[in-house]
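Structure first, then comments.
Because only heavy atoms are used, hydrogens play no part in the values below, and waters and symmetry mates are left out as well, while side chains stay in.
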Amino acid sequence: MILELIAALALQAEAPAASAAPARKAETVRRYDAGASQGAAAGPNDVYSVSNWRIVRFDKKTGEKRAEWTGDKARFPHINSCAAIASELVCASSNFPATPHVSTVEIFDSMTLAHKRSISLGLGTGSVTWVDRHDGAWWAMFANYDAKGGEPPRDHRHTTLVKFDDQWRRLEAWALPATVLERIKPMSISGGGWGPDGKLYLSGHDLPELYVMQLPMGGGVLDHLDTIGMEAEGQAIDWDEGDKGMLYGITRRSREVLAMRVPLAK
């Protein structure tokens with residue numbers, strides 16, 4: 001009995017720190033009836049709902065619908081996330097859950113939602129789930145999965161952050177630490193973006209939490225600094241560049257877009 005108790009305590013001690021409930025939590029301050037199924041984005045005066053082959057723009061103040069784009073389902077089966085960058089809406093798109101993984105970046109006019117151009121990222125890394133612009137470069141995360149949408153022999157452990165130059169040439173790449181991989185398995189990272197504090201914030205597929213990350217001083221694995229709770233059950237997120245600490249996401253329970261005030265990392 002004593003030996004069994006000691007063994008049980010040892011297993012608890014080895015459990016990853018990320019398994020504990022987050023000590024800090026984002027506050028939901030507003031909801032938009034948006035019908036979103038994949039993610040949300042925020043511009044200076046607008047919020048956007050993302051639902052695979054459908055994107056809708058809403059007035060940020062009134063919540064009124066302003067524009068809508070509906071694409072060809074065969075060509076755009078899975079637009080997962082978007083980010084308002086300058087006058088454009090930059091979106092991560094893939095053929096998920098089909099394999100082999102094919103990823104593209106789709107560019108839209110941020111006001112009319114007219115489709116402007118497409119950048120093909122090809123095969124071999126995973127399914128792109130989010131794209132962001134930071135520190136003079138493009139950043140994107142490629143998801144890998146254990147089951148649905150997976151491409152063996154890769155699994156969730158092969159989820160990869162990639163840094164690109166302006167011509168979308170791969171410059172560097174990083175893996176996720178075990179503390180995050182343990183939380184997201186058997187799925188992957190669905191949302192992310194660089195926060196106003198210079199930290200990288202990631203969201204998974206199902207859990208209502210944010211992972212606060214930074215590039216490592218050495219090695220090829222991201223540093224996991226903190227985990228913050230939120231109402232959104234993972235999925236794609238986007239920072240409001242004009243309102244420091246305001247993050248937009250969705251809740252799949254009601255398909256609302258959520259505006260959430262995040263306690264930024266110190």
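At a threshold of 4.0 Å, the pair D46-R66 does not count as salt-bridged, since none of the basic side-chain nitrogens sits closer than that to a carboxylate oxygen. Salt-bridge check for K199 with D226: failed, with every basic side-chain N at 4.0 Å or more from each acidic carboxylate O. Salt-bridge formation is not detected for the pair K244/D197: no Lys NZ or Arg NE/NH1/NH2 atom is positioned less than 4.0 Å from an Asp or Glu carboxylate oxygen. Between R133 and E88 no salt bridge is recorded (no basic side-chain N to carboxylate O distance below 4.0 Å). Using a 4.0 Å cut-off between charged nitrogen and carboxylate oxygen, D206 and R252 count as a salt-bridge pair.
Taking every heavy atom of both residues into account, E209 and P22 meet most closely at OE1-CG, 4.1 Å. Here the closest heavy-atom approach between residue H224 and residue P177 is recorded as CB-CG, 3.8 Å. Here the shortest heavy-atom pairing between D238 and A83 reads OD1-CB, 3.8 Å. Residues N95 and V102 share a closest heavy-atom pair of OD1-N, 2.9 Å. Between S94 and S127, the closest heavy-atom pair is OG-CB, 3.8 Å. Taking every heavy atom of both residues into account, G63 and Y32 meet most closely at CA-CD2, 4.0 Å.
Here the straight-line distance linking atom CG of D146 with atom CG of N144 works out to 9.5 Å at 0.5 Å rounding. Note that NZ of K60 and CG of D243 are 7.0 Å apart. Values are rounded to the nearest 0.5 Å. Atom CD in E233 sits 11.5 Å away from atom OG in S190 (nearest 0.5 Å). Between atom CD1 of residue I79 and atom OG1 of residue T129 there is a gap of 14.0 Å, rounded to the nearest 0.5 Å. Atom CH2 in W138 sits 15.0 Å away from atom CZ in R169 (nearest 0.5 Å).
One hydrophobic cluster, built from ILVMFWY side chains closer than 4.5 Å, cannot hold both V128 and I189; they sit in different ones. Hydrophobic clustering (ILVMFWY, side-chain heavy atoms < 4.5 Å, transitive): W130 and M213 are in one cluster. Placement of Y48 and I85 in two distinct hydrophobic clusters is found when ILVMFWY residues are connected by side-chain heavy-atom separations under 4.5 Å, directly or transitively.
In this structure, the ring of H115 has its center less than 6.0 angstrom from the ring center of F76.
The backbone N or O of K61 sits less than 3.5 Å from a side-chain atom of R30, completing a donor-acceptor pair. A donor-acceptor pair under 3.5 Å is formed between the side chain of W139 and the backbone N or O of H134.
Under 3.5 Å, the side chains of Q235 and S203 contain no donor-acceptor pair of N or O atoms.
The side-chain contact (heavy atoms from CB on, under 4.5 Å) with L200 is formed by just one residue from the set V212, L161, L225, D132; it is L161. Exactly one of I107, T104, V105 qualifies for a side-chain contact (heavy atoms from CB on, under 4.5 Å) with S118. That residue is T104.
Every residue two or more places apart in sequence or in another chain that forms a side-chain hydrogen bond (donor to acceptor under 3.5 Å, both in side chains) with T62 is listed here: D59.
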Quiz prompt | Worked verdict on E106 versus S93 for side-chain hydrogen bond (donor to acceptor under 3.5 Å, both in side chains) | solution = CA-CA 7 Å; E106 304 297 339; S93 179; 4.6 Å; no
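Using cut-offs of 30° and 60° for the angle between ring planes, the W69 and F108 rings count as perpendicular.
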